[in-house]
Amino acid sequence: MEIPAKYNPATVEDKWYSYWLENKFFHSEPDEREAYTIVIPPPNVTGVLHMGHMLNNTIQDILVRRARMEGKNACWVPGTDHASIATEAKVVKKLSEKGIRKSDLTREEFLKHAWEWTEEHGGIILKQLRKLGASCDWDRTAFTMDEERSNSVIKVFVDLYNKGLIYRGLRMVNWDPKAQTALSNEEVIYKDEQSKLYYLKYYVDEPAGSTDGEEEGAVVLKPEDAFDPAVKHQILHRDADGRRYAVVATTRPETIMGDTAMCINPKDPKNTWLKGKRVIVPLVGRSIPVIEDRYVEIEFGTGCLKVTPAHDTNDYMLGKTHNLETIDIFNADATLSEAAGLYVGMDRMAVRKQIVVDLENAGLMEKIENYQNKVGYSERNADTAVEPRLCMQWFLKMQHFADIALPPVMNDELKFYPSKYKTTYHNWLDNIQDWCISRQLWWGHRIPAYFLPAAEGAEEKFVVAETAEKALELAKALPGYENVTMEQLRQDDDALDTWFSSWLWPLSLFNHFSDPDNKEIKYYYPTCDLVTGPDIIFFWVARMIMAGYEYRGEMPFKNVYFTGIVRDKLGRKMSKSLGNSPDPLELIAKYGADAVRMGMMLSAPAGNDILFDEALCEQGRNFNNKIWNAFRLVKGWNVDEAAAQPESAAVAVKWFGAMLNKAGAEIKDLLSKYRLSEALMAVYKLFWDDFCAWYLEMVKPAYGAGIDVATYGATIGFFDSLLKLLHPFMPFITEELWQNLEERKAGETIMLQNAPACGEYETELLQQFEDASQIVMNVRNIRQTKGISPKDALSLFAKEPYNAAMDAVIKKLANISEINVVAAFDTQAQGVNFMIRTNEFFVPLAEHINVEEEVAKMRAEVEYYEKFLKQVNAKLSNEKFVNNAPENVVALERKKQSDATTKLENLNNRIAALLKK
RNA sequence: GGGAGCAUAGCUCAGCUGGUUUAGAGCAUCUGCCUUACAAGCAGAGGGUCACAGGUUCGAAUCCUGUUGCUCCCACCA
C-alpha cells in the first residue's frame with residue numbers, strides 16, 4: 001500500500017466526524033457508569049465562531065473525550081443563547097436596512113421577524129463547532145428561548161417574586177439610548193476618554209455690587225488667573241459690572257437644563273461666601289439653591305458641583321437627601337425633551353456642541369480644559385454611551401444569593417482553576433448590588449407581571465403569575481377587583497435580562513423546573529466541569545452557582561476552568577477593527593482541525609491569556625505530519641516470521657514500555673490538574689523524541705530486511721497506546737490511524753477505547769537508557785566535530801565499572817563496531833574521551849586528533865570542576881550546614897564531592913597521558 | 001481610589017512544602033546533512049547575574065519587606 005508522504009487532514013476530518021455522528025458516539029443516556037457532564041457556555045444564537053470559541057470548545061472537547069476514554073459516561077450538552085439585546089439590535093438593524101422601523105411594528109410582528117432571523121442564522125455556530133471536532137451530544141441541543149427553558153424562566157420569576165426577592169422600583173439605571181433599554185451594572189463598559197472640562201459661570205441671584213458673605217482676605221479671581229484648588233481662603237469671581245458668580249466645572253454642559261441645585265462642601269474655605277445663596281443656571285436663567293454636602297470633593301475643579309438629579313447617579317442621591325426637584329430633560333432616545341425648555345428634540349451630543357458655543361457667546365464660559373474621564377458604554381452596543389436614567393425597573397435582591405453562593409467556593413467544595421479568581425468572586429459577592437433584571441426589549445422572556453386598571457393618580461397594582469389565566473384569578477381575589485376582566489389586564493412590556501435565563505442553564509437543560517425528580521437531572525447534575533472566560537464570572541458563573549443552590553441545594557458544577565483571552569502575538573486583544581483576528585474556519589482549512597487545536601493548546605495554561613500565533617498551528621501541522629510518517633514507516637515494514645528478535649530491539653521494547661508507563665502517569669496527573677498544555681507537551685515529546693527519534697531508530701530493521709514478529713507486535717501496541725493518549729487533543733488523525741493500524745470491526749472507534757493503563761516501571765531501566773543515550777550523543781558529537789561520517793564505524797572503550805545492558809542499542813545508534821571494557825585506557829592511543837556521570841569512555845581516532853585542542857578542552861573542564869568542588873567543599877566544611885541540613889542533603893553534597901574528585905582525577909590523568917606523547 | 005496577579009533564555013511558559021551536580025521545556029537561532037518514514041525532516045550546538053535593592057536562613061528563582069515596570073478586576077470624583 002502506498003501512503004502519501006504528507007498528511008492531508010481535509011480528506012479525513014469530515015469522514016470521521018460523520019462516522020462518529022452516524023454511530024451516535026457522542027450521545028449519552030444515563031446508565032450505571034459514572035457521569036461526566038459539561039454544559040456548553042451557550043454562544044449567541046446569531047454569532048459566528050471566533051478564536052475565543054475555538055479555544056474554549058477545544059478545551060471542553062479535550063476534557064470530554066478524555067473522560068470518555070476513562071470509562072465515564074460523558075455528556076456534553078450544546079445550545080445557544082437568545083442574547084436579547086445583541087440579537088434585537090441585529091434584527092433592528094436588518095429591518096432598518098429594509099426601511100422598517102421597530103416603532104412601526106407591533107410586538108408580535110417584530111417577534112415574527114426576530115424568530116425568522118433566528119431560524120435562518122441561528123445555529124450556524126453549532127455547525128461550525130463540528131468542524132473543530134466538538135463531540136457534543138447534538139440530540140440534546142437547547143436554546144435559551146425554547147419551550148422548556150422559557151417555562152423555567154417564568155417559573156423562577158414567579159417563585160422569586162413570591163419569595164419576596166423580586167421588586168419593582170424607580171431607580172437610576174444605566175440606559176442604552178440606542179437600544180432604548182436599561183442595562184445591568186455588569187453590562188456597562190467604562191472607557192477612558194479624552195474629553196473637556198467646561199467651567200461655567202453661575203451668577204449669584206443678587207443685585208450687582210453685593211458683598212454679602214465675603215470675609216477679609218477674600219481673593220477676587222480674574223478669568224486668566226490660575227486656579228489653585230487647595231487654597232485656604234475665600235475665592236470669588238466678579239465681573240466688570242460688579243456681579244458675583246460661582247464657577248462650576250462639568251464634563252456635561254448639556255445637562256444644565258436639569259440643574260436643580262449647586263452644591264458645595266461645607267468645609268470648603270474657598271466657597272463659604274456662597275452659603276445660603278441662590279445662583280442662576282446659565283442660559284436657562286432659573287434660580288437654584290446652593291446646598292452643602294460633604295460628598296463634594298473640595299479639591300476637584302472649583303469645589304462647586306452642579307446637581308442634576310435626573311441624570312447622574314450621585315446627583316440623584318443628593319437630590320434625595322436634600323429634597324431637590326428632579327427635571328428629566330431627556331427622552332428615551334437621548335434627545336432633549338420639552339422639560340429641557342431649550343434645544344428640544346436635539347440629540348444630547350449635538351446639544352453639547354451647540355451649548356458650548358452659546359455659553360461662550362453669552363460670556364458664561366469661564367474656560368475649557370482638556371480632561372480625561374471615564375465614560376460608560378453599552379457592552380452590546382459598543383458605540384453608544386450609556387445615560388444614567390431614572391425609571392421603573394424590576395430588581396432581584398441579591399444578598400440572599402450572595403450568602404448561599406459564597407461559602408462553597410471559598411472552602412473549595414466548588415473549585416476554581418486558577419484559584420486566584422476566588423478573590424475576585426469574593427469581592428464581588430461582598431459588595432453585591434441588586435440585579436436589574438428588566439430590559440425594555442421585545443426579544444426575550446416577557447415579564448409575567450400583569451397590571452390592573454387603576455384610578456388616575458393611584459399607585460399601579462399588579463399581579464405576577466405564570467399565565468394570564470392565573471394572573472386573572474389572582475387579580476379577582478384582590479379587594480375591589482372582583483369583576484376585573486382579561487381585557488383589562490395589561491402584561492408588562494419588558495423582557496428579562498438574557499442572563500436571567502442563562503443562570504438556570506445547568507438546571508433547565510435537564511428539565512429541573514418541569515420535573516425536578518427526573519432521571520436525567522439526578523444522573524447528570526451536578527455537572528463536572530465548566531469551561532468559560534473570567535470576563536463572565538459575575539454575569540454567569542456566580543449566578544449559576546446561586547441558582548444551583550437555590551433550586552437544588554447543590555452546586556451546578558464541581559470545577560470551573562477559566563480560560564484566558566485570546567490575543568494576537570503582540571498581546572493585543574483580537575478585534576475586528578484591528579483585523580488581527582484570524583477566522584478559525586480558515587485556519588482549519590489551511591492546517592487541519594487537529595493542528596489548530598494543538599496550536600491553541602500549546603500556549604494556553606489555565607487562566608493565562610494566550611498569545612495566538614499562526615506559527616503554533618504550523619507546529620501542530622508538523623506534528624501531525626510526524627505522526628503520519630511514523631505510521632508510514634511502521635506499516636511499511638515486512639514481518640519476517642523466521643527472523644529472531646535482535647538484542648537492540650528487545651532492549652528497546654523493554655525500555656519504551658517503561659517510558660510509556662511513566663509518561664502515561666505523568667499525563668494523567670497533569671490532566672487531573674487541568675494543566676492541559678503541559679499534558680499535550682508531554683505527549684508531544686513522548687511521541688516525537690522517545691518514540692520516533694529513539695525507539696523507532698532502535699528497532700528499525702536494516703534496509704530491505706524484515707522485522708521480527710515480537711518487535712512488530714510490540715511496536716503496533718505502542719503505537720496504539722500513543723494514539724489513545726493523543727486522541728483527546730487530536731481526534732481526527734488519531735481515529736484515522738487507529739482505524740488503519742490493525743483490522744477493525746464495523747462500528748469500532750478509538751473514541752471509546754480506554755486510555756492506556758499506566759502500571760509500574762523499572763526506574764533502573766530508564767537510567768540505563770539515559771546513560772546509553774548520552775553515550776550515543778557524545779559519539780555523534782565527536783563525529784560532527786571531527787568530520788567523521790555516520791557511515792564509518794567507530795570502536796568505543798569503556799572503563800570499568802561499566803554496565804553493558806544497553807550495548808546493542810549503543811552500537812546500533814552510534815554505529816559502534818565494538819565496545820571494549822577495560823581497566824585503563826591505553827595511554828598510547830590517539831582519541832577523544834568523555835564522561836557520563838563518573839564513567840569514562842574513549843573513542844580511538846587515529847588521525848583526527850589535535851592534542852592541544854583536546855587538552856585545552858579538558859583543562860576548561862578541569863577549571864569548571866575545580867570551581868564546583870570548591871563550592872561543595874565550602875558547604876561541607878561549614879559546621880552549621882552539616883549539623884542543620886537534612887541527612888539526605890548532606891549525603892548528596894558528599895556524593896557531589898566524591899564525584900567531582902573522581903572526575904578531576906580522570907581528567908588530569910588523561911591530560912597527563914596526552915601530553916606524555 | 002481599592003483589590004488581585006505577573007516579572008525566569010530572542011518568544012511563550014514550567015520550576016509544587018526553600019536543598020537533586022552553578023536553572024528546564026517547546027518554539028526561534030546557529031552549524032552540518034536531500035542518511036532508503038518524514039526538509040512540515042535528521043544530527044549537533046549556542047543561549048539566562050531568575051526585574052532591582054535589602055532581609056530571613058547553613059542554604060533563596062522559591063519565604064519576607066521595599067522599589068520599579070506591566071496586566072487585569074472593582075469603584076459615583078463632577
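Because only heavy atoms are used, hydrogens play no part in the values below, and waters and symmetry mates are left out as well, while side chains stay in. Predicted, not measured: the structure shown is a model, and the values here were computed from it. Proteins get letters first, then strands, A, B, ... in listed order; numbering begins at 1 in each.
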Rounding to an integer number of angstrom, what distance separates B:G44 and B:A4 when you compare their P atoms?
48 Å
Between A:His311 and A:Leu390 (side chain of the first, backbone of the second, donor and acceptor by atom type, cut-off under 3.5 Å), is there such a pair?
no
Whole-angstrom distance between B:G10 and B:G5, as gauged at atom P:
28 Å
Going by distance alone, is a donor N or O of one side chain under 3.5 Å from an acceptor N or O of the other, for A:Tyr198 and A:Glu369?
no
Do A:Phe416 and A:Tyr421 have ring centroids that are under 6.0 Å from one another?
no
Going by heavy atoms in the side chains, are A:Leu305 and A:Thr250 under 4.5 Å from each other?
no
Between the protein and nucleotides 56-64 of chain B, which nitrogen or oxygen pairs are less than 3.5 angstrom apart?
from: B:C58; atom 1: O2'; to: A:Asn878; atom 2: ND2; distance (Å): 3.0

Calculate the interatomic distance between A:Leu305 atom CG and B:C76 atom C1'; express it in whole Å.
11 Å
Between A:Leu696 and A:Thr785, the residue closer to the 5' end of RNA chain B by nearest nucleotide is A:Leu696
Tell me the interatomic distance from A:Glu887, atom CD, to B:G19, atom P, rounded to whole angstroms.
18 Å
Just to be sure I understand: a Watson-Crick pair is purine N1 to pyrimidine N3 plus N6-O4 or O6-N4, both under 3.5 Å. Using that and G-U wobbles, which stems of three or more pairs involve RNA chain B?
B:1-7 with B:68-74, B:10-13 with B:24-27, B:29-33 with B:41-45, B:51-55 with B:63-67
If you check every side-chain atom of A:Lys626, which of B:A78, B:C76, B:C42 has the closest atom?
B:C42
Value in whole Å for how far the C1' atom of B:A75 lies from OH of A:Tyr295:
12 Å
Test applied, side chain to side chain contact (heavy atoms under 4.5 Å, CB included); reference residue, A:Thr255; option that passes from A:Arg352, A:Lys306, A:Arg348:
A:Lys306
Taking the six-membered ring of A:Tyr199 (Phe, Tyr or Trp), confirm whether the NZ or CZ of A:Lys367 is under 6.0 Å from its centre and within 45° of its axis.
yes
Examine distances only and state if a side-chain atom of A:Thr302 and a backbone atom of A:Val247 form a donor-acceptor pair shorter than 3.5 Å.
yes
Hey, does the side-chain of A:Gln784 have a donor or acceptor N/O within less than 3.5 Å of a partner on the base of B:U31?
yes
Electrostatic pair A:Glu614-A:Lys590, nearest N-O below 4.0 angstrom:
yes
With a non-hydrogen cut-off below 4.0 angstrom, is A:Phe538 in contact with a base, only sugar-phosphate, or nothing?
sugar-phosphate
Distance in angstrom units between A:Arg567 CZ and B:U71 P, rounded
9 Å
Determine the interatomic distance between P on B:U29 and the same-named atom on B:U21; round to the nearest Å.
30 Å
Determine whether a donor-acceptor pair (N or O, by modelled atom type, separation under 3.5 Å) exists between the side chain of A:Glu678 and the backbone of A:Arg675.
no
Is the backbone of A:Ala10 close enough, under 3.5 Å, to the side chain of A:Asn8 for a donor and an acceptor to pair up by distance?
yes
Can you check nucleotides 14-17 of chain B for protein contacts, nitrogen or oxygen pairs under 3.5 Å, and list what you find?
from: B:A14; atom 1: O3'; to: A:Arg675; atom 2: NH2; distance (Å): 2.9
from: B:A14; atom 1: O2'; to: A:Glu678; atom 2: OE1; distance (Å): 3.4
from: B:G15; atom 1: OP1; to: A:Arg675; atom 2: NH2; distance (Å): 2.8

Does any donor-acceptor pair link the side chain of A:Glu697 with the base of B:A37 at a separation under 3.5 Å?
yes
Would you say A:Asn624 reaches B:A40's phosphate, i.e. side-chain N/O to OP1/OP2 under 4.0 Å?
no
Over how many whole Å does the gap from A:Leu737 atom CG to B:A37 atom P extend?
18 Å
Rounded to whole Å, please give me the gap between CG in A:Leu670 and P in B:C13.
18 Å
Can you tell me, in whole Å, how much space there is between the P of B:G59 and that of B:U20?
15 Å
Using the P atom as the point on both nucleotides, what is the distance between B:U8 and B:A51, in whole Å?
6 Å
Taking OP1 and OP2 of B:U22, is either one under 4.0 Å from a side-chain nitrogen or oxygen of A:Tyr864?
yes
Please check this pair: side chain of A:Asn624 against backbone of A:Gly620, looking for a donor-acceptor N/O pair closer than 3.5 Å.
yes
Can you label the angle between the A:Tyr695 ring and the A:Phe691 ring as parallel, tilted or perpendicular, going by 30° and 60°?
parallel
Would a distance-only check, ignoring hydrogens and angles, find a side-chain to backbone donor-acceptor pair under 3.5 Å from A:Ser773 to A:Glu770?
yes
Roughly how many Å is it from CD in A:Glu614 to P in B:A28, rounded to a whole number?
15 Å
Using the P atom on both, measure B:G55 against B:G48 and round to a whole Å.
27 Å
Using the C1' atom as the point on both nucleotides, what is the distance between B:A45 and B:U49, in whole Å?
23 Å
Distance-only donor-acceptor check, side chains A:Asn740 and A:Lys635, under 3.5 Å
no
Separation of B:U35 P from A:Leu633 CG (nearest whole Å)
16 Å
Between the protein and nucleotides 24-27 of chain B, list every N/O to N/O distance that falls short of 3.5 Å.
from: B:A25; atom 1: O2'; to: A:Lys685; atom 2: NZ; distance (Å): 2.9
from: B:G26; atom 1: O2'; to: A:Gln619; atom 2: NE2; distance (Å): 2.8
from: B:C27; atom 1: OP1; to: A:Tyr684; atom 2: OH; distance (Å): 3.1

A:Lys374 to A:Tyr190 six-membered ring, cation-pi geometry met (6.0 Å, 45°)
no
Students often get this wrong, so: under 4.0 angstrom with heavy atoms, is A:Met777 touching a base, only sugar-phosphate, or nothing?
sugar-phosphate
A:Tyr7 and A:Asn629 side chains, donor-acceptor separation under 3.5 Å:
no
Under 4.0 angstrom, heavy atoms only, what part of the nucleic acid is A:Tyr371 near: base, sugar-phosphate, or nothing?
sugar-phosphate
Classify A:Thr251 by what it touches in the nucleic acid, base, sugar-phosphate, or nothing, heavy-atom distance under 4.0 Å.
sugar-phosphate
Donor-acceptor contact present, side-chain A:Asp594 to main-chain A:Phe732, <3.5 Å:
yes
Rounding to an integer number of angstrom, what distance separates B:G1 and B:C64 when you compare their C1' atoms?
27 Å
Between A:Ile610 and A:Val889, who's closer to the 5' end of RNA chain B by nearest nucleotide?
A:Ile610
Using modelled atom types only, decide if a donor and an acceptor are shared between the side chain of A:Asp792 and the backbone of A:Ile788 within a distance under 3.5 Å.
no
May I ask you to list the residues of residues 895-903 of chain A, by number, that have any heavy atom positioned under 4.0 Å from an atom of RNA chain B?
A:Lys896, A:Asp899
Under the 3.5 angstrom rule, does the side chain of A:Asn781 hit a backbone N or O of A:Met777 as a donor-acceptor pair?
no
Is there a side-chain contact between A:Arg621 and the phosphate of B:A40, meaning an N or O under 4.0 Å from OP1 or OP2?
no
Carboxylate-amine/guanidinium contact A:Lys895 A:Asp899, below 4.0 Å
yes
Should the pair A:Arg837-A:Asp771 be classified as a salt bridge under the 4.0 Å nitrogen-to-oxygen rule?
yes
Under the 3.5 angstrom rule, does the side chain of A:Lys191 hit a backbone N or O of A:Tyr377 as a donor-acceptor pair?
no
Between N or O atoms, less than 3.5 Å apart, protein on one side and nucleotides 3-11 of chain B on the other: list the pairs.
from: B:G3; atom 1: O2'; to: A:Asn427; atom 2: ND2; distance (Å): 3.3

Using a 4.0 Å heavy-atom cut-off across all strands, classify A:Lys374 as base, sugar-phosphate, or nothing.
base
